[in-house]
Amino acid sequence: MKNFTAKVFAIVRKIGKGKVLTYGEVARRAGNPKASRAVGNILNKNYDSSIPCHRVIRSDGKVGGYNRGSHKKPEILKSEGYKH
DNA sequence: CATTTGACGCCAA
DNA sequence: TTTGGCGCCAAAT
């Protein structure tokens, strides 16, 4: 745990299957409740194959943006049983 | 080094 | 309830 980014990656990586966290939640756990925006940016520019970024959604309940490597985000979430 | 961008979040109207 | 605007942060340009 050195910087905000490292925490975000660690947290997102810990998200178990079928679980979803909002950007705000991740930011909060990372130590900056207001960095929800930064969280999305980090995941976007630093997309890692080991990180289930598709498990990170908005607080509105919307999946949010998903382009880059995970254009299947809604499908995955649905497969996980997230969507009603 | 300064400015812009961007997968967000919350509040006011 | 829905829309618009402001705030906040980290990385990219």
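Side chains are part of it too, since the values below use all heavy atoms of this structure and drop only hydrogens, waters and symmetry mates. Chain identifiers are assigned alphabetically (A, B, ...) following the order of the sequence lines, protein sequences preceding nucleic acid strands; residue numbering begins at 1 within each chain.
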With R55(A), the side chain to side chain contact (heavy atoms under 4.5 Å, CB included) member among V12(A), V26(A), I15(A): I15(A)
Under 3.5 Å donor-acceptor pair, Y66(A) side-chain atoms to dA7(B) base atoms: no
Exercise: identify the closest heavy-atom pair between S50(A) and P52(A): O-CD, 3.7 Å
Sorted by number, the residues of residues 49-57 of chain A with heavy-atom contact under 4.0 Å to DNA chain B: C53(A)
SG-CD1 distance between C53(A) and I42(A), expressed to the nearest 0.5 angstrom: 12.0 Å
Secondary-structure stems, DNA chain C, at least 3 Watson-Crick or G-U base pairs under 3.5 Å: B:2-6 with C:9-13, B:8-13 with C:2-7
Value in whole Å for how far the C1' atom of dC10(B) lies from CZ of R28(A): 14 Å
N44(A) CG to dT4(B) C1', straight-line distance once rounded to whole Å: 15 Å
N/O donor-acceptor pair, side chain R37(A) with base dG9(B), under 3.5 angstrom: no
Derivation and outcome, side-chain contact (heavy atoms from CB on, under 4.5 Å), residues D48(A) and R13(A): CA-CA 10 Å; D48(A) 272 339; R13(A) 196 185 299 129; 5.8 Å; no
Heavy-atom pair with the smallest gap, counting every atom of F4(A) and A27(A): CE1-O, 4.0 Å
Rounded distance (Å) that lies between atom C1' of dC8(B) and atom CG of L43(A): 12 Å
Please tabulate, for side-chain N and O atoms in residues 56-63 of chain A, each donor-acceptor pair with protein atoms closer than 3.5 Å (sequence neighbours left out).
residue	atom	partner	partner atom	Å
R58(A)	NE	D60(A)	OD1	3.3
R58(A)	NH2	D60(A)	OD1	3.0

Value rounded to 0.5 Å, distance of CG in L21(A) from CD1 in I11(A): 8.5 Å
Rounded distance [0.5 Å steps], NZ in K19(A) versus NZ in K14(A): 11.0 Å
All N/O pairs under 3.5 Å across the protein-nucleotides 10-13 of chain C interface:
residue	atom	partner	partner atom	Å
dA10(C)	O3'	T5(A)	OG1	3.4
dA11(C)	OP1	T5(A)	OG1	2.3
dA12(C)	O4'	K45(A)	NZ	3.2

For nucleotides 11-13 of chain B, give me every protein contact, N/O to N/O, under 3.5 Å, one pair per line with atom names.
none

Check nucleotides 2-4 of chain C for protein N or O atoms closer than 3.5 Å to its own N or O atoms and list the pairs.
none

